[in-house]
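What's counted below: heavy atoms across the whole structure, side chains too, no hydrogens, waters or symmetry copies. Per chain, numbering begins at 1; letters A, B, ... match sequence-line order.
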Protein chains: 2
Amino acid sequence: MRRDVFQAIADPTRRAIITLIAVQAMTPNALAEHFDTSRQAISKHLRVLTECEMVKQEFQGREIYYQLEIEKMKEIDVWLDQFRKIMEDQFQRLDKVLYNLKTKKK
Amino acid sequence: MRRDVFQAIADPTRRAIITLIAVQAMTPNALAEHFDTSRQAISKHLRVLTECEMVKQEFQGREIYYQLEIEKMKEIDVWLDQFRKIMEDQFQRLDKVLYNLKTKKK
DNA sequence: ATTTTGAGAAATCAATTGGTTGCGCATATA
DNA sequence: TATATGCGCAACCAATTGATTTCTCAAAAT
């Protein structure tokens with residue numbers, strides 16, 4: 001079983017959960033109210049998120065508040081970095097082309 | 001069938017393919033040489049990537065060169081933006097706490 | 001003390017996934 | 001022209017996924 005950030009964000013419901021608990025901790029029931037699906041389904045998503053180490057739990061009586069481990073989102077950012085560099089390079093190459101066009105015109 | 005960027009990057013082999021064809025266009029066979037799996041398996045991944053509109057094809061005789069549609073990566077970046085804001089806010093709140101601690105000491 | 005409520009766990013199910021094998025077609029090469 | 005090569009496609013298979021239902025347990029509310 002693959003359990004990483006990329007797996008965590010692959011499912012749209014899970015992405016919505018992530019967005020919700022990024023701002024404030026929420027219980028499974030409170031979360032389920034935001035969706036068209038059962039509490040159990042949400043619970044399963046939360047389990048996946050837990051396995052991906054994307055959430056922290058806070059126990060309050062019989063309620064469990066889930067909050068996003070927001071640091072984990074940086075892993076995606078880090079992976080994206082390589083493409084940012086490539087995009088920059090492409091722009092620079094484009095700049096060069098435009099520059100050459102300009103100077104040739106003169 | 002879900003077909004979006006998040007689905008595309010969920011699989012590690014697909015992520016590796018994406019990284020490879022971000023720099024330069026490659027044929028399925030050339031790609032397959034980088035992995036422990038068959039040409040057909042890679043071909044299926046490329047089909048998924050095509051369905052996600054993550055690649056452009058360039059036909060050269062009987063060879064097909066695949067290259068990353070790098071603009072698509074921005075969609076991930078856009079989604080990540082919301083968390084950047086939250087992280088910033090958290091830092092600012094932390095700054096405030098630190099500031100209050102400082103001023104109280106004085 | 002009894003009932004209600006919040007939540008994880010297990011069993012089950014259909015759909016999807018990632019992979020394989022075999023095929024056919026078009027383009028190169030002999 | 002005959003053969004080899006690159007590639008997509010379909011059929012098939014085991015594993016995983018996302019969801020539902022049922023169950024149990026602990027904590028609140030009555």
Atom pair distance, as rounded to whole Å: [atom1] in [X] and [atom2] in [N]:
{"X": "I17(A)", "N": "dA19(D)", "atom1": "CD1", "atom2": "C1'", "answer": "13 Å"}
{"X": "Y65(A)", "N": "dG8(C)", "atom1": "OH", "atom2": "P", "answer": "13 Å"}
{"X": "K44(A)", "N": "dT16(D)", "atom1": "NZ", "atom2": "P", "answer": "13 Å"}
{"X": "Q60(A)", "N": "dA7(C)", "atom1": "CD", "atom2": "C1'", "answer": "15 Å"}
{"X": "I42(B)", "N": "dG6(D)", "atom1": "CD1", "atom2": "P", "answer": "15 Å"}
{"X": "L46(A)", "N": "dA19(D)", "atom1": "CG", "atom2": "P", "answer": "12 Å"}
{"X": "D11(A)", "N": "dG18(D)", "atom1": "CG", "atom2": "P", "answer": "5 Å"}
{"X": "F35(A)", "N": "dT20(D)", "atom1": "CZ", "atom2": "P", "answer": "13 Å"}

Taking only the side-chain nitrogens and oxygens of [X], find out if one of them lies under 4.0 Å from OP1 or OP2 of [N].
{"X": "S38(B)", "N": "dG19(C)", "value": "no"}
{"X": "R2(B)", "N": "dA15(C)", "value": "no"}
{"X": "N29(A)", "N": "dT5(C)", "value": "no"}
{"X": "T27(A)", "N": "dG6(C)", "value": "no"}
{"X": "R47(A)", "N": "dT17(D)", "value": "no"}
{"X": "R3(A)", "N": "dT17(D)", "value": "yes"}

Out of [options], which has the shortest distance to the side chain of [X]?
{"X": "S43(B)", "options": "dG8(D), dA28(D), dG19(C)", "result": "dG8(D)"}
{"X": "H45(A)", "options": "dA19(D), dG8(C), dG18(C)", "result": "dA19(D)"}
{"X": "R62(A)", "options": "dT5(C), dG19(C), dC7(D)", "result": "dT5(C)"}

query: Counting only heavy atoms not in Q82(A), do more than 12 fall under 6.0 Å of its CD?
result: yes
Describe the nucleic acid contact of [X] in one word from base, sugar-phosphate, nothing, applying a heavy-atom distance below 4.0 Å.
{"X": "R39(A)", "value": "base"}
{"X": "F59(A)", "value": "nothing"}
{"X": "Q40(B)", "value": "base"}
{"X": "Q7(A)", "value": "sugar-phosphate"}
{"X": "Y66(A)", "value": "sugar-phosphate"}

field: Note: D77(A)-R84(A) ion pair, threshold 4.0 Å (strictly below)
entry: yes
- prompt: Taking NZ, NE, NH1 and NH2 as the nitrogens, is one of them in D4(A) or K72(A) under 4.0 Å from a carboxylate oxygen of the other?
  reply: no
Closest heavy-atom contact between [X] and [Y]?
{"X": "A10(A)", "Y": "R2(B)", "value": "O-NH1, 2.8 Å"}
{"X": "P28(A)", "Y": "I42(A)", "value": "O-CG2, 4.1 Å"}
{"X": "R15(B)", "Y": "I9(B)", "value": "NH1-O, 2.7 Å"}

query: Considering heavy-atom distances to DNA chain D, does M1(A) or A30(B) have its closest nucleotide positioned more toward the 5' end?
result: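 By nearest-heavy-atom nucleotide position, the 5'-most residue is A30(B).
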- line: By nearest-heavy-atom nucleotide on DNA chain D, the more 5' of E63(A) and A41(A) is A41(A)
